[in-house]
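Below you'll find the structure, written out as structure tokens, and then a few comments.
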Amino acid sequence: MADLRYIDDVITLEFDVEKCTGCQQCTWVCPHGVFVMEGNRARLVDRGACMECGACERNCAFDAIHVQSGVGCAAAIIASWFNRGEVACGPADENASGTGGGCC
Amino acid sequence: MPGSKVERPRLDQPFVTGSIDTPAGSVPVVPAALTWSDRIGGCAVRWGIGRYTYTVDPGLYAVGSPDGTSPVLVTANYKLSFDALRRELPGRSAWVLVFDTRGINVWCAAGKRTFGTDEVVARVQKAGLSLIVSHQTLVLPQLGAPGVSAPEVRRRSGFRAVWGPVRAADLPAFLDSGLRATPEMRRVRFTTYDRLVLVPVEFVGSLGIGVGAAAASTLAGGIGPGWYSVPRALARAPLAVAAPLTAVVAGTLVTPLLLPWLRGRMFSAKGLQAGMLASIAVLLLAPAATGWPDLLAAVALILAGASFGAMNFTGASTYTSLHGVEKEMHLAMPWQIAGAAIATLLWIGGGWW
């Protein structure tokens with residue numbers, strides 16, 4: 001992925017190292033190596049590689065990570081303008097608000 | 001939970017070859033090897049055929065002859081995901097727990113929370129899993145993490161959620177090393193092959209717009225002096241058809257394949273470059289007598305369309321963020337709309353040339 005990087009100046013990821021207990025969950029779930037362990041705490045080493053999927057925040061039991069997560073999908077964003085729903089992937093169905101494009 | 005009703009997947013699915021007895025009733029057995037029918041179905045959905053109904057019945061399955069110590073591997077009920085998992089398990093015994101994600105793959109379903117903590121807790125209980133395995137451990141696909149909180153799963157179900165590798169192909173090594181993933185197994189990639197398999201769905205999905213634009217352009221090609229002329233429409237038809245279809249090819253085929261080599265981070269900028277390449281081809285192939293407004297209209301449409309088509313590939317990519325895509329759309333869409341408007345005006349005006 002070294003040759004594929006996306007716009008990185010609007011990433012909403014925030015990490016509060018003071019709350020980190022070193023449980024390692026964020027280093028396991030991040031698909032882009034944004035966190036690594038350093039001593040007995042996690043360290044945010046590559047914020048620009050974050051794709052805002054929200055896996056780290058969801059798996060941090062200590063409220064140390066915050067990110068406004070969502071899908072980086074233009075078709076889903078366009079669909080959300082029309083149905084005023086959440087930006088989400090996949091086909092429209094009875095209780096999903098999002099109607100994405102071909103991504104899922 | 002003991003006492004509650006156990007649910008099992010249907011036995012009449014074509015890939016189920018038998019059943020195995022457990023302390024919580026019988027469980028359907030599926031082979032690790034894929035059949036031709038599995039492969040053909042997988043090919044079809046890659047082209048968008050039957051993609052949203054390509055499902056397996058959710059619940060617990062057995063691969064090989066698993067017992068109380070065998071690993072429990074979790075996946076989505078998109079059959080392509082289910083098959084990608086089981087085909088990595090030849091010669092092994094494992095339990096495969098399939099979540100109801102309504103036929104959507106793990107990563108996208110996690111984003112929608114159908115692959116979520118609630119589903120983990122409910123599915124473990126419906127499968128009677130605590131009666132079947134003694135280790136109280138689930139191997140979840142790492143890309144399910146946007147929807148599942150491992151600490152919460154532990155608290156609510158008593159099961160330990162271990163994050164498996166991103167790619168099913170790494171599962172054998174992961175299982176053999178005692179459920180340990182290397183940092184490399186934890187990283188998503190976006191290789192040429194990864195992008196190539198996504199092209200058919202992107203292309204087919206955009207073809208409708210391309211064909212619609214081609215039809216509209218051909219019809220509009222007759223407008224000019226004397227209001228409307230069918231011979232004029234026919235004479236301009238080749239370019240009217242070529243331009244929109246070229247835009248689709250540039251945006252949904254050329255851009256994905258050349259992604260690392262096209263400059264810039266924005267997909268719309270990458271698509272613009274693919275559109276420029278494609279425009280050169282169209283200009284070289286256009287009949288010498290073609291008027292300049294028509295050629296300019298074709299180029300404007302190809303650039304705008306390729307840029308837009310490429311931007312829609314963000315959703316298929318493995319590394320774009322919501323706020324990044326919003327920023328990109330904010331910057332690119334005014335230009336894309338302007339390009340399409342200029343193309344329309346030049347094309348209609350070109351009838352008088």
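For clarity, every value in this text was computed on a predicted model and none was experimentally measured. In what follows, chains are A, B, ... by sequence order, proteins preceding strands, each numbered from 1.
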Any side-chain heavy-atom pair of [X] and [Y] under 4.5 Å:
| X | Y | result |
| --- | --- | --- |
| A/N59 | B/P151 | yes |
| A/D9 | B/K327 | yes |
| A/I77 | B/L322 | yes |
| A/W28 | B/V162 | no |
| B/R186 | A/T27 | no |

B/S149 side-chain N/O to A/R58 backbone N/O, donor-acceptor pair under 3.5 Å: yes
Sidechain-backbone polar pair: B/S321 side chain, A/I11 backbone, donor-acceptor under 3.5 Å: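 No; judged by distance alone, with no hydrogens or angles, the pair does not exist.
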Which region of [X], side chain (C-beta onward) or backbone (N, CA, C, O), has a non-hydrogen atom less than 4.5 Å from a non-hydrogen atom of chain A, or is it both or neither?
| X | answer |
| --- | --- |
| B/V148 | backbone |
| B/T318 | both |
| B/W107 | side chain |
| B/E328 | both |
| B/L143 | side chain |

Atom pair OH (B/Y319) and CG (A/L4), whose distance is rounded to the nearest 0.5 Å: 4.0 Å
Point-to-point distance, once rounded to the nearest 0.5 Å, from CD of B/E326 to CD1 of A/I7: 11.0 Å
Minimal non-hydrogen separation, [X] against [Y], with atom names:
| X | Y | result |
| --- | --- | --- |
| B/R265 | A/R5 | CG-O, 3.4 Å |
| A/Y6 | B/V325 | OH-CA, 3.4 Å |
| A/Q25 | B/A150 | NE2-CB, 3.6 Å |

Toward chain B, the part of A/C50 with a non-hydrogen atom under 4.5 Å: backbone
Region of A/Q68 in contact with chain B, defined by heavy-atom distances below 4.5 Å: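 For A/Q68, heavy atoms of backbone and side chain both lie under 4.5 Å from chain B.
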Option in B/M266, B/M311, B/M329, B/M185 with maximal non-hydrogen atom pairs under 4.5 Å from chain A: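 Among B/M266, B/M311, B/M329, B/M185, the one with the most close pairs to chain A is B/M329.
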Max heavy-atom pair count under 4.5 Å with chain A, selected residue of B/P260, B/G264, B/S206, B/A110: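 Ranked by heavy-atom pairs under 4.5 Å with chain A, first place is B/P260.
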Proximal to chain A - members of residues 73-84 of chain B, heavy-atom separation under 4.5 Å: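 Interface residues of residues 73-84 of chain B: none, nothing closer than 4.5 Å to chain A.
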Sole candidate of A/C30, A/P31, A/C53 that passes side chain to side chain contact (heavy atoms under 4.5 Å, CB included) when paired with B/V188: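 That would be A/P31; it is the only one of A/C30, A/P31, A/C53 passing the side chain to side chain contact (heavy atoms under 4.5 Å, CB included) with B/V188.
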